[in-house]
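Below is one structure; the comments refer to it alone.
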Amino acid sequence: MAGKTVLSDEEDEIEVEEEEREEPDGDAVDPEDRDDEDDEEDEEGEDEYEKDGFIVDDVDEEEPDAEEDDRADSDEERQRKKKRKKRESEKNYVLDEDDYELLQDNNITGFRRPKVESKKFKRLKKARADADEGQSGFSDEEEYDRSGKSGRSAEEKLKRSLFGDDEGPPIEDIAEEDQPEEEEDGDIGEEEDEMADFIVDEEEVDEHGEPTRRRKVNKKKARQAPGVSSSAMQEAHDIFGDVDELLRQRKLGLEKISRYDETGEWRERKLEDEFEPIILSEKYMTEKDDHIREIDIPERMQISEESTGPPPTDDMSIDEQSNWILNQLGTSMSYLFSKGGTGTTEEGHDLAIQKDDVMRFLEFMHVQKLDVPFIAMYRKEECRSLFKDLDPPADEKKDNPDKKKVNPDKRKDKNDKEEDIPDEEKPKMRWHKVLWAILELDRKWLMLQKRKSALQLHYNKRFEEERTNYDANRLDLNQKLFDSITKSLKVAESEREIDDVDSKFNLHFPPGEHNNNVDEGQFKRPTRKSQYSMCSKAGLWEVASKFGYSSEEFGLLISLEQMRMDELEDAKETPEEVASNFICAMFLHPQDVLKGARHMAAVEISCEPCVRRHVRSIFMDNAVVSTSPTADGNVAIDPHHQFAGIKWLKDKPLTRFEDAQWLLIQKAEEEKLILVSVKLPASVHDKLISDAHDYYLSDGVSKSAQLWNEQRKLIIKDAFDGLLLPSMAKEARALLTSRAKNWLLMEYGRLLWDKVTVGPYCKKEHDSSEDYEVAPRVMACCWGPGKPATTFVMLDSYGEVLDVLYAGSLSIRGQSVADQQRKKNDQQRVVKFMTDHQPHVVVLGAVNLACTKLKDDVYETIFKMVEDNPRDVGHEMDNLKIVYADESLPHLYENSRISSDQLQPQPGIVKRAVALGRYLQNPLAMVATLCGPSKEILSWKLSPLESFLTADEKYGMVEQIMVMPLTKWVSM
């Protein structure tokens, strides 16, 4: 009968314990609801307990006997239990917090929220109720409700209809009832409400309308939930906290974990305390990266300004800089342009680039802080001359400009027929070499200005220190020298000219000789004593001044910056007579004095900036290079040797070195296979010495004048042949190395540009595959010798691996029955592999001659598939092509760290095949994958001479090449 309640022995014990337990009174229930429940509480005993896995199975066997004993109980005992349960139900009847809020929002009165109280065994009852619902789909109370004898209250029905029944925690949590009262009280009033986050309120209020503090909700894992329930969200919130807050802290690098240090003091630990510096650097989470993100300036500019300093933004500085850049573009940057396509003269005056455009470009960078890619895409119209194609493709012939190179891509004409699209009408990817050259020159200019400012401060400080160490005559001479040095420093326009000025200053104001202000305890730099300084200390500078023109006056005359107005007056005394007045312990004879004085005069001439600039211009324009083999080189260098082309060179001008040939000469000289000489031709050398004599010697005919002229000739010989020309030869070598490396760097960039600007493999126009598949599905194949075996990898349109197949016997050439059977089995597997995935194209890694046979085997497999199962071949595989691809880049990806992160469980040949297919789908993205912190891209061999370039030089060019295509790709 439905009206009787049957209790087991265990249930009876539970009820007795509940009766003996003292509980605080619950809130009153609405009288109408109480009257409705008086007749329905008789059957509530059946909900007290039922098997749910918590009690061992032995109880089930004893349950029939317990039921027979319960039937023997008297009606009075059952009636007493019913009344007791009714009282408890009235006291314990509560709604969920959301129900109270819903009733309150709808202005329903007659209820008040219960006080916080301890309800033990609540989880046990709740778990039993869930177990009962799990068996029938409805609880006993709902079944009784249908029979009209029992049911839930209106609030509970509303709760169940809106939110479903509260799902109890796992039975294992019953053991938590023995926890302290404080922990249990924290669960009261909130743990039944598993949908607490369903309705979002600004704040909670109590029954009097006052805001209440929200207590921490300890949620348990839901037993079953359709979709994502609020309890699951709350559990995730309890475990991980506020996800948005964590992401914000992670992004800003401000996540801090509070810990106790070893001394027991409370301190905050940052990310630097948890991770290695190299990891933070690779993930861009250092303090420097945070600072870069805070400033709204391109990162490339911020990094550059760390070394160059802030650029000037005034119009005068920009105008001066633009003149210098135009001059450099016409001289030192000639490797940027092709021989016939620039329209530039040797001096660079007819350069097609306009000064106004250069100034506008500098304003974009210095004032508006715009980067090169942005200027190239959105400011092109404001500096047109910088975007002219100064390096036309090699296949465009000048003698036949009407000839068009036809691209295999097609288009529809007016008659709806396919026609070829000429290259002239297709959009082209531009490198913008001129923009990058101006950017590099801008950096050099800023570095020059920074160095000049630093040197000027240093010179002022050193000159003030020298004031206290000389007499009045020497101070006047030093003041003139200092003024001359300052003037030369202001007009210096290159690193070499600044070096000339610095060498002159260090000659007259040597560092460390009079610096007695070194602090005690510091290391003192050893003083460098040169022959010039010893002669100067001995007072021979007075003898050197008797020779005639000073080094500065001689430099102005020989460089034609100043005309010769007065005749040079010779001293009345002979050189020996003058020298005899300066004999000392160091210089015992007049000849020794004259030798020291000549050395001082020659060194001063060789360090004079005007003289060096004049000699440098003549030397760089007329010097020649000659090579001859050594004894070892004559044997080692045969006609097929790498150095065969440079074994014999005869007077090759410096201006004719246009490629990287000098790097080979330099390498062969280091290996002691050839001898190299860089010198002026005899005719140019004699003319240079003759011009120096004309400006340095006097026109006097007296015996004394002739003796002084003999000394002057010796000075010119020592200055030019002993000091200047050997120094210019070293500079010429450095210049040839710089030009060759610049050319090689541009060649390296051109080869990389050709690799990354290759368009992705396009699907056919009649391809009926899904529109979202922008790239073709690729089946990549890498030949294997057996271990590993030949591998096929199927990639979807996004480059993700779909399937892998190993077919080591596909290319087997054996004629035995077993070999043929293995080959047939592999062919069948390849057929099924292609039938299942329907690739658009097959890419085969070209590594050796066996790949040609492998290609034939794959074609044979495809033909058999079409003949035997034509219905299984989709439209995507019509005229399926097999293309070759270079495996050099896939080999880098195979051994890179990023492949281990992306395809960790896969073997190396699978990683190589994946890179092969991805490069066919998107070459630019595949190359960019290897441009990460590990810089694996630098191992990609593009030029046989790239070993002459450093890793930093190559990576700088890689960044320059990758910026423009990636910027356009991202913007598209």
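The shown structure was predicted, so the numbers you read here are calculated from the model rather than taken from an experiment.
The only option from W431, W753, Y955 that meets the side-chain hydrogen bond (donor to acceptor under 3.5 Å, both in side chains) definition with Q960 turns out to be W431.
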List the atom pairs, donor and acceptor, that lie under 3.5 Å between side-chain atoms in residues 924-941 and the rest of the protein, sequence neighbours left out.
{"residue": "T929", "atom": "OG1", "partner": "A925", "partner atom": "O", "Å": "2.8"}
{"residue": "W940", "atom": "NE1", "partner": "S888", "partner atom": "OG", "Å": "2.9"}

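Minimum heavy-atom separation, V830 to F792: CG2-CE1, 4.1 Å. Of all non-hydrogen atoms in W743 and A660, the two that sit nearest each other are CE3-N, 3.6 Å. C851 approaches A846 most closely through the heavy-atom pair SG-CA, 4.1 Å. In plain terms, the two heavy atoms of V910 and V804 that are nearest each other are CG2-CG1, 4.0 Å. Here the closest heavy-atom approach between residue L810 and residue D857 is recorded as O-OD2, 3.6 Å. Nearest heavy atoms, S797 versus A775: CB-O, 3.0 Å.
Residues F657 and V625 are in side-chain contact: their nearest non-hydrogen atoms beyond the backbone lie under 4.5 Å apart. Contact annotation: the side chain of I665 never approaches that of L736 to less than 4.5 Å [non-hydrogen atoms, C-beta and beyond]. Within the 4.5 Å cutoff, the side chain of K755 has no heavy atoms near those of the P923 side chain. Taking 4.5 Å as the limit, some side-chain heavy atom of V883 sits within range of a side-chain heavy atom of L920. Side-chain atoms of I961 and W436, non-hydrogen and from C-beta on, never get closer than 4.5 Å to each other. The shortest side-chain heavy-atom distance between Y748 and L945 does not fall under the 4.5 Å cut-off. In this structure, R777 and H837 have side chains that are not in contact, with every pair of non-hydrogen atoms separated by 4.5 Å or more. Counting heavy atoms from C-beta outward, Y919 and V843 have side chains that stay 4.5 Å or more apart.
For residues 905-932, the set of pairs meeting the salt bridge (charged side-chain N to carboxylate O under 4.0 Å, His left out) definition, not counting sequence neighbours, comprises E887-R912, E894-R912. Among pairs with a residue in residues 787-796, none fulfils side chain to side chain donor-acceptor pair (under 3.5 Å), at least two apart in sequence or across chains. Every pair passing salt bridge (charged side-chain N to carboxylate O under 4.0 Å, His left out) that includes a residue from residues 833-842 is listed here, sequence neighbours excluded: K832-D836. Sorted by first and then second residue, the salt bridge (charged side-chain N to carboxylate O under 4.0 Å, His left out) pairs with a member in residues 660-673 read E669-R733; sequence neighbours excluded.
A distance-only check finds a donor-acceptor pair linking the side chain of T627 to the backbone of L649 [under 3.5 Å]. Here the side chain of K380 pairs no donor or acceptor atom with the backbone of F387 at under 3.5 angstrom. Of the possible polar contacts, none joining the S304 side chain to the M301 backbone as a donor-acceptor pair under 3.5 Å is found. The closest donor-acceptor contact from the side chain of S899 to the backbone of Y893 lies under 3.5 Å. Checking side-chain atoms of D659 against main-chain N and O of Q661 turns up a donor-acceptor pair under 3.5 Å. Under a 3.5 Å cut-off, the side chain of Q921 and the backbone N or O of P776 do form a donor-acceptor pair. Looking only at distances, no side-chain donor or acceptor of S809 sits under 3.5 Å from a matching main-chain atom of I812. The backbone N or O of S738 lies less than 3.5 Å from a partner atom in the side chain of N742, making a donor-acceptor pair. Not a single donor-acceptor pair under 3.5 Å links the side chain of S281 to the backbone N or O of P277.
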Worked check of salt bridge (charged side-chain N to carboxylate O under 4.0 Å, His left out) between R750 and D754: CA-CA 6 Å; R750 184 187 64 80; D754 294 340; 3.3 Å; yes
- request: Output, in order, the C-alpha distance, side-chain angles, deciding distance and verdict of side chain to side chain contact (heavy atoms under 4.5 Å, CB included) for M834 and L880.
  value: CA-CA 11 Å; M834 299 180 67; L880 183 66; 3.4 Å; yes
Derivation of the side chain to side chain contact (heavy atoms under 4.5 Å, CB included) call for F833 and M779: CA-CA 10 Å; F833 188 79; M779 187 177 76; 3.7 Å; yes
query: Where do F643 and I674 land on the side chain to side chain contact (heavy atoms under 4.5 Å, CB included) test, with the steps shown first?
result: CA-CA 9 Å; F643 302 143; I674 61 174; 5.8 Å; no
field: Full working for side chain to side chain contact (heavy atoms under 4.5 Å, CB included) between M957 and L949
entry: CA-CA 11 Å; M957 179 56 67; L949 301 175; over 6 Å; no
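Under the rule for a side-chain hydrogen bond (donor to acceptor under 3.5 Å, both in side chains), the partners of E946 that lie at least two apart in sequence or sit in another chain are K954.
Atoms CD and CD1, on E860 and I862 in that order, are 11.0 Å from each other to the nearest 0.5 Å. With values rounded to the nearest 0.5 angstrom, N825 atom CG is found 9.5 Å from Q827 atom CD. Interatomic distance, L329 CG to I353 CD1, rounded to the nearest 0.5 Å: 5.0 Å.
Heavy-atom contacts from other residues, nucleotides or ligands closer than 6.0 Å to CD of Q904 number 12 or fewer.
Judged by distance alone, the side chains of Q815 and D819 never bring a donor and an acceptor atom under 3.5 Å apart.
Classification of R829 and D826 as a salt-bridged pair holds, one side-chain N sitting under 4.0 Å from a carboxylate O.
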